[in-house]
Amino acid sequence: MAVMNYYDDLFSRLIGDGVPLPTVIERVTGSYLDGKPLPIGKKKLTKKERDSLFWASEVVKGCPPDAWPREAMSLALARYLGQEAVAADGLVTRVAREAPEALIRAVRRSGLVLSPHSPRRVELDQAGSESEAVAELCRVLDVFTGAHSERVAALDAQKAQLAKLSVFDLLLYASLYAFEVLVPRDFNVKAPVPLSGADVQVAWDALGDLLAWKLAESSTSSLKLTDESIGRSLARHLRPILFESGTASAGEALRNLRAFHALMDIQIELNEFISRSAEAFSYDDGIQFERRGERLEIVEVDPAAREAWRRDGLKLERLHGYWFHRAVEAYVEQVAADRATWMIGRPENAEANRLAWLRALQAQLRLREAYGVADDVASEFGDSVDLFRALLSLNLMSAFFQQDFLAVFAARIDASGDWIVALQRLAMDGLRDGLQNRLPITWSSRDSKVSNITGWTVTASEPAGNPRTASAILDFWTYDMVATADRLQRKEPGLQPQLFERPVLKFGATLVQLPWVVGVQNNTTAAINNLRRLGARRGQARDEAQRIEAGLAGLLEWRGFRTLLNWVPPRDVEDAGEVDLIAALDGHLFVIEVKSTFMRRSQREAWLHATTTLRKAGQQLRRKAEAVSLAIASDPGFRTMLGWAEGLTPTQQHVWIADTCIECDHQRFGGFLKVSVEELIIALRDDRHLLNDPGGLLAGNYGVDGAHEPGAKESGWSLYPDGFSAERFVEVIETEAVWDLQAARRGPTLQSTDREDIAYRK
């Protein structure tokens with residue numbers, strides 16, 4: 001039985017209603033992009049079926065040339081070019097003839113640059129006869145194909161040299177590599193960097209790819225480590241390099257280490273080619289690639305577009321400092337109430353432990369206020385986890401590895417000038433100090449690890465700590481090697497944790513940690529992405545979104561607004577759905593749609609966010625704003641809820657998308673401004689001075705026992721020198737006054753937020 005073409009039916013209904021053709025094309029294509037039709041009962045169209053119906057529909061057949069460059073059709077065409085299962089005969093040739101620039105743009109967005117064997121590439125080559133610009137694009141793609149193939153072949157050849165290594169063996173060599181290349185040589189400076197100049201995050205990414213390669217080929221039994229299997233690996237791969245130089249076994253291990261260096265170099269080269277060339281070609285509107293024979297040159301065509309990406313990255317850095325200063329303020333209040341609240345561990349570790357406490361508080365405040373995360377969260381295993389204790393435990397791990405491994409190694413290498421000698425001495429120091437493991441990789445049984453961190457779960461009601469709490473915390477930060485290997489071998493889709501997001505590597509009953517990752521990673525980002533990227537499907541996610549909305553409503557009410565949360569308008573033909581937040585003050589009406597996602601690192605991720613979540617939010621807001629306007633005009637009770645007496649209506653309406661991520665900041669979607677939730681928080685609190693390191697805390701002055709000096713927040717920093725008003729609030733947001741770099745330059749010197757703040761944007 002033939003399947004009714006949903007898109008033809010929608011097209012006919014809209015045309016019959018007298019909707020103009022450009023709008024009809026936009027709405028029908030938008031339905032396709034949004035995955036409609038939605039399932040009815042158990043009947044659900046597959047992606048292939050939707051693709052087949054849409055590309056055979058009347059909206060495509062009748063699409064005029066001037067519609068292809070518009071956003072909806074451009075995105076749909078990119079989707080067509082990016083899939084392989086459905087062919088639309090003559091489509092690519094037709095668009096090459098009617099709108100070649102639109103086709104070129106769609107090709108860039110499709111990811112076809114790294115899919116040389118796709119049947120869409122054949123269609124594109126054939127379409128080159130219709131347009132020289134399209135033909136030249138094909139030649140550019142051929143250059144990319146050649147460069148990519150060379151790098152993949154080189155990587156495969158180098159992998160073959162280390163094919164017999166187990167996953168744990170690979171991590172041993174990765175750890176030796178890290179202490180040779182990545183670990184900073186001086187921890188006495190504010191922002192220590194590797195002597196090699198290596199990009200730490202790039203290296204971590206490469207290792208994550210190599211780890212996935214090994215997991216996809218490893219047996220389950222090899223991933224369940226025992227003391228015996230660990231001992232064999234150490235004896236063959238680690239001990240010869242550190243303690244048996246000049247022996248035959250050392251020769252083999254050193255050859256493997258050199259091979260691992262080469263493997264990392266090639267993996268990094270491939271990753272950088274993909275991120276800086278292929279993905280830049282696909283998603284960076286500020287550049288274009290021009291062919292010079294068999295070589296491509298990057299030409300900057302829109303400096304403003306490139307600057308926007310860089311500026312958003314700087315905003316993230318400043319936000320990291322903002323929440324640290326908020327944590328300091330909260331800490332001072334806690335110490336005033338009870339100095340013992342943060343006392344953990346030995347007195348000689350008090351400074352490091354206090355900083356760990358501050359970092360945990362920093363992350364908790366950010367997660368609570370900007371992401372709506374409750375004080376207790378659920379792990380993948382269903383256990384309730386005390387968020388602050390989980391954050392504190394990870395930060396204490398970082399402090400331990402930084403102080404007892406990385407800083408000691410830096411001192412030893414400063415004395416010896418030889419990284420192997422420094423590692424030898426580090427290991428021997430550990431043996432002399434109560435048989436402590438000070439090797440470049442650590443491991444323990446799960447029970448032992450639970451016992452070790454139970455002391456970090458001490459509370460007034462549980463002075464000895466709680467092993468069950470410690471167990472749940474450990475699970476929260478665990479990356480299960482066996483489960484990931486099983487998924488990869490089944491070729492099932494799924495997210496792979498980055499090393500810093502879940503830094504406790506589980507090999508059966510044995511837990512492995514990498515001191516050179518945990519000691520310098522950004523634990524706030526780890527927590528955010530653990531919950532919002534890896535845990536996006538948690539049952540708590542909806543409640544968290546509502547807490548963000550309620551938090552913004554509370555700040556608005558503190559400023560005098562009347563607010564209405566989660567209002568559901570009467571259903572009509574075009575259902576508007578729930579309106580997250582409505583606020584009113586001084587004749588100004590605000591309609592706000594809240595989106596909560598994770599921290600992105602690449603332009604590809606940002607583009608996907610813009611063309612899915614944010615594009616859809618713009619469409620939703622159009623309907624919601626119309627529903628709110630209709631209710632104001634026709635419903636006296638609705639006007640009363642917002643504080644408008646009979647006959648009064650808003651003079652200005654502001655419709656915003658409030659998003660937890662910084663990507664696409666201050667761009668417009670569906671005509672509506674997108675701002676970050678954190679910008680709204682800072683604007684309403686009027687504490688933008690905290691973005692600029694008042695008092696120089698981030699420059700290394702951690703003397704925070706005394707009360708926080710209020711002098712930094714003087715009239716020159718206030719966003720409302722003449723008092724708060726809705727009109728000025730709108731101006732603050734629309735002009736990005738929160739981020740005023742001129743004001744920042746007049747204030748204290750901006751500095752990196754310390755060694756925890758590993759870069760995570762490319």
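Quantities reported herein were computed from a predicted structural model and do not represent experimental measurements.
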Side-chain donor or acceptor of Arg639 paired with backbone N/O of Ile632 under 3.5 Å: yes
Residue pair Asp686 / Ser718: nearest heavy atoms and the distance that separates them: OD2-OG, 2.8 Å
For Asp665, salt bridge (charged side-chain N to carboxylate O under 4.0 Å, His left out) partners two or more places apart: Lys315, Lys674
Distance in Å, Arg601 CZ paired with Thr525 OG1, rounded so as to fall on 0.5 Å steps: 10.0 Å
Check: Met599 main-chain N/O paired with Asn529 side-chain donor or acceptor under 3.5 Å: yes
Evaluation steps, side-chain hydrogen bond (donor to acceptor under 3.5 Å, both in side chains), between Asp586 and Ser725: CA-CA 8 Å; Asp586 299 337; Ser725 68; 5.7 Å; no
Side chain to side chain contact (heavy atoms under 4.5 Å, CB included) partner of Ile548, the single match among Val373, Asp580, Val677: Val677
Atom pair CG (Asp375) and CD (Gln364), whose distance is rounded to the nearest 0.5 Å: 5.5 Å
side-chain contact (heavy atoms from CB on, under 4.5 Å) assessment of Thr597 paired with Glu663: CA-CA 11 Å; Thr597 55; Glu663 272 66 55; over 6 Å; no
4.5 Å side-chain heavy-atom contact, Tyr720 and Val732: yes
Nearest heavy-atom neighbours spanning Ile733 and Glu679: O-OE2, 3.7 Å
Residues in salt bridge (charged side-chain N to carboxylate O under 4.0 Å, His left out) contact with Glu678, at least two apart in sequence or another chain: Arg366
side-chain hydrogen bond (donor to acceptor under 3.5 Å, both in side chains) against Gln667, all qualifying residues, sequence neighbours excluded: none
Sub-4.5 Å side-chain heavy-atom contact between Glu300 and Asp284: no
Backbone of Arg389 reached by a side-chain donor or acceptor of Asp386 within 3.5 Å: yes
Separation of Ile662 CD1 from Arg600 CZ (nearest 0.5 Å): 12.0 Å
Partner set under side-chain hydrogen bond (donor to acceptor under 3.5 Å, both in side chains) for Glu307, not counting sequence neighbours: Arg310
Leu33 side chain near Glu71 side chain, heavy-atom distance below 4.5 Å: no
Distance-minimising heavy-atom pair for Cys664 and Leu614: CB-CD1, 3.9 Å
Trp477 side chain to Ala390 backbone, donor-acceptor under 3.5 Å: yes
ring-ring contact (aromatic ring centres under 6.0 Å, His included) partners of Phe590, counting only residues at least two apart: Phe561, His654, Trp656, Phe729
pair Glu727-His588: side-chain heavy atoms closer than 4.5 Å: yes
From Leu316 atom CG to His320 atom NE2, the distance as rounded to the nearest 0.5 Å: 10.5 Å
Those residues that, when tested against Trp644, pass ring-ring contact (aromatic ring centres under 6.0 Å, His included) (two or more places apart): none
Short N-O contact, Arg728 and Glu731, less than 4.0 angstrom: yes
Derivation of the side-chain contact (heavy atoms from CB on, under 4.5 Å) call for Val377 and Gln540: CA-CA 8 Å; Val377 296; Gln540 296 172 313; 3.8 Å; yes
Shortest non-hydrogen separation from Asn522 to Phe500 and the atoms involved: O-CD1, 4.0 Å
pair Leu581-Thr563: side-chain heavy atoms closer than 4.5 Å: yes
Ile681 side chain reached by Leu552 side chain, heavy atoms, under 4.5 Å: yes
pair Ile657-Phe669: side-chain heavy atoms closer than 4.5 Å: yes
Verdict with supporting geometry, Ile528 and Leu367, side-chain contact (heavy atoms from CB on, under 4.5 Å): CA-CA 7 Å; Ile528 291 170; Leu367 285 163; 3.7 Å; yes
For Ser676, all residues meeting side-chain hydrogen bond (donor to acceptor under 3.5 Å, both in side chains), sequence neighbours excluded: none
Salt bridge (charged side-chain N to carboxylate O under 4.0 Å, His left out) partners of residues 652-662, not counting sequence neighbours, each pair once: none
Short side-chain donor-acceptor distance under 3.5 Å, Ser596 and Arg532: yes
Ring pair (Phe, Tyr, Trp, His ring centres under 6.0 Å) contacts touching residues 602-633 (sequence neighbours left out): Tyr283-Trp607
Results of ring-ring contact (aromatic ring centres under 6.0 Å, His included) for Phe598 - residues two or more places apart only: none
Side-chain donor-acceptor pair present, Arg326, Tyr322, cut-off under 3.5 Å: yes
Point-to-point distance, once rounded to the nearest 0.5 Å, from CD of Glu557 to CZ of Arg559: 13.5 Å
Step-by-step side-chain contact (heavy atoms from CB on, under 4.5 Å) determination, Ile682 to Leu319: CA-CA 10 Å; Ile682 295 168; Leu319 283 169; 3.8 Å; yes
side-chain hydrogen bond (donor to acceptor under 3.5 Å, both in side chains) against Glu578, all qualifying residues, sequence neighbours excluded: Arg542, Asn566
Residues forming a ring-ring contact (aromatic ring centres under 6.0 Å, His included) with His666, sequence neighbours excluded: none
Heavy-atom closest contact (Arg70 atom, Pro22 atom, distance): NH1-CB, 3.3 Å
Note, Leu75 side chain near Tyr32 side chain (heavy atom, < 4.5 Å): no
Ser74 versus Ala106, closest heavy-atom pair with distance: O-CB, 3.9 Å
Distance (rounded to the nearest 0.5 Å) between Ser275 OG and Arg604 CZ: 12.5 Å
Electrostatic pair Arg109:Asp285 at N-O distance under 4.0 angstrom: yes
Phe476 backbone acceptor or donor facing Asn530 side chain under 3.5 Å: yes
